[in-house]
Amino acid sequence: MKQRGFRNTIKYYWRVWKRIVRGSLARGYIYKKELVISIVRSVYIVLAQIILLNVIFLDTQMYVGWSKSEAYLVIGIWNILNYVGWAVFGINLIRLESSVIDGSFDFTLLKPISSSWLASFGDFFIYNLSSAISGFVLVLYYIVSNLGSITLIDVCFGLLSMCVGFFIWYSIFLIFASFTVSSPKNGLLAVAKELLGITKYPIDVFRNVGDILFCGIIPLAFLTTVPAKFFMGKAFFRSIFYGFVIGVVLYLVAKCLWKFNVRKYSSTGS
Amino acid sequence: MNSFGILKREIKAYFLNESIYKQQLVGWIIADTIKITALIFVWMNVAQTRVDVDTSYVASYYLLVMLIGKIASDFTMENGIREMINGKFSNFLIKPFNYLLEYAGRNLGNNIVRFMLFIPIFIIGVFILSANNLWVCKFNFLRFVFFAFSLVIAFIMNFLLGNIFSLPALKIKEMDGIRIFYYNTASMLSGEFIPIVFLPSFGQYLLKILPFRYTLSFPVEILLDEIDGFGILCGFLISIFWIVILIFVYKVTLKHFIKYYEAEGI
């Protein structure tokens, strides 16, 4: 199926997204209980992760070259990327499958806006965003506990590197989601979810395999390990540049795959 | 037709239905393998810092966890909630048999397909672990009988827990928070996220008296010879006690939430 022509100015997309977020906030007011549950969940997530790290560091000060506060930092970054990702695009792309099956994806294609953008950012999930608080708490813990050694530049580069990680995360998810358009119920999004899930651990956990696999073949190291190293003052600026280039390449691949799969899409439910 | 006959037909129907989506099931199995492989690496590194846990135990433990996950899983938190929200749940209520039979049939049918698809991965896993001296599971007939019994208990407990936690969907229409909260709790306390042997004694005691251990870790511990005869007996008694409690909680919860069900999705 061929998509209609669409506008492509950033200002236009920003205005559309602002309306989407406003609608979501209004919905959050209706489902107040769900919002309270998600805040309780974020407290629970922090507790669970504290227990996990305490068990890991029960008999040792260092774990695969990382101290406990550094491990908190990695998990904190992962929580932020993961839950912000789910709030902004993750759930939308997971729900793409049902819209393809019931035929409502036709309406996405008919709208005068990029179909990949609308499928990714067509709704905003405030509940998941509140769970990201757990990540901010852990990152803040690292910053406060290392206040003497950490510099403002480290924090700025760390935040910039997280943005690059977020871009890579989205591009990888879009690559996997694009196949849902032509062939729903393929299980690829579950694979993407777990691939991204393993980045909650520093890549050193996977020994030599991790270096080759997650720095070269699937660039998952740029999601959490590299931003954490920036916060720790152990990374170079060129890592952000490399990460950005990888992100752009992955995004272009995702867009090509999206177009390819939209061409193969045939409406069934409508 | 009696309940067993209905259940058999439901299992067959859902087995055939799930077989259509083999590609999706393979995707899920690959996803599960990625998650468990990561956990193997994480805990093998921890085991190297501990004198009381062997790395081979960790590797064997997680391979068996994957196997149990394919046999004893419950999908009510996914499918059941969706049907309660979109109103299809009404179809089950007007049928001349309890809707739990249909849900049980769906779970068992789905689990059989997933188990069959997982067998090649399991064999490859055992082969790789054996080649690296990491496979520590030795066959013992008596333990295998206990393991089979614990597997039945694991399925029943997963099924009851899944059904209890999905019932609020009859009233609350936005269930993502509760669903994810349940998954996080279950993976944390069942021994999937943290194997019970790594916990300090208080943590181990806590997990032993809570129901989640009996949904996953307990069958693996039996098969890996981690617990003695007395421990197995205690485990069975605690799990049967929890099944009785969960049946009671399920009935009370259903009675409460069914009053709010409006089937507005129809």
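All figures in this text were calculated on a predicted structure; none of them were measured in a lab. Here is how names work: the chains are called A, B, and so on, in the same order as the sequence lines, proteins then strands, and each is numbered from 1.
- Residue B:I194 touches chain A through its side chain alone, counting heavy-atom pairs closer than 4.5 Å.
- When heavy atoms are compared at a cutoff of 4.5 Å, A:F206 approaches chain B by way of both its backbone and its side chain.
- Between chain B and the residues A:F57, A:Y201, A:Y63, A:F125, the largest count of heavy-atom pairs under 4.5 Å involves A:Y63.
- For chain B, the nearby parts of A:L195 are the backbone and the side chain; heavy atoms of each come within less than 4.5 Å.
- If you measure heavy-atom distances from A:L58 to chain B, the contacts under 4.5 Å come from the side chain alone.
- Summarising the geometry, atom CD belonging to A:E194 is positioned 10.0 Å from atom OG1 belonging to B:T33; distances are rounded to the nearest 0.5 Å.
- Between B:R50 and A:D59 the shortest heavy-atom distance is CD-OD2, 3.1 Å.
- Remark: A:K185 NZ to B:L25 CG distance equals 9.0 Å, nearest 0.5 Å.
- Here CZ of B:F181 is found 9.5 Å from CD1 of A:I45. Values are rounded to the nearest 0.5 Å.
- Proximity to chain A (any heavy atom under 4.5 Å) is shown, for B:I29, by neither the backbone nor the side chain.
- The nearest pair of heavy atoms linking A:I198 to B:A38 is CG2-CB, 3.2 Å.
- For the set A:N186, A:L188, A:I91, A:N54, the entry with the most heavy-atom pairs within less than 4.5 Å of chain B is A:N186.
- Summarising the geometry of B:W43 relative to A:L52, their closest heavy-atom pair is CZ2-CD1, 3.5 Å, with the distance given to 0.1 Å.
- Between A:A190 and B:A31, the shortest heavy-atom contact is O-CB, 3.3 Å.
- At a 4.5 Å heavy-atom cutoff, the contact between A:E97 and chain B is made by side-chain atoms alone.
- Using a 4.5 Å heavy-atom threshold, the side chains of B:Q24 and A:P184 count as separate.
- What you find for A:V55 and B:F198 is that their closest heavy atoms are CG1-O, 3.4 Å.
- Taking CD of A:Q49 as the start and CG of B:N184 as the end, the distance is 9.0 Å to the nearest 0.5 Å.
- Proximity to chain B (any heavy atom under 4.5 Å) is shown, for A:V205, by both the backbone and the side chain.
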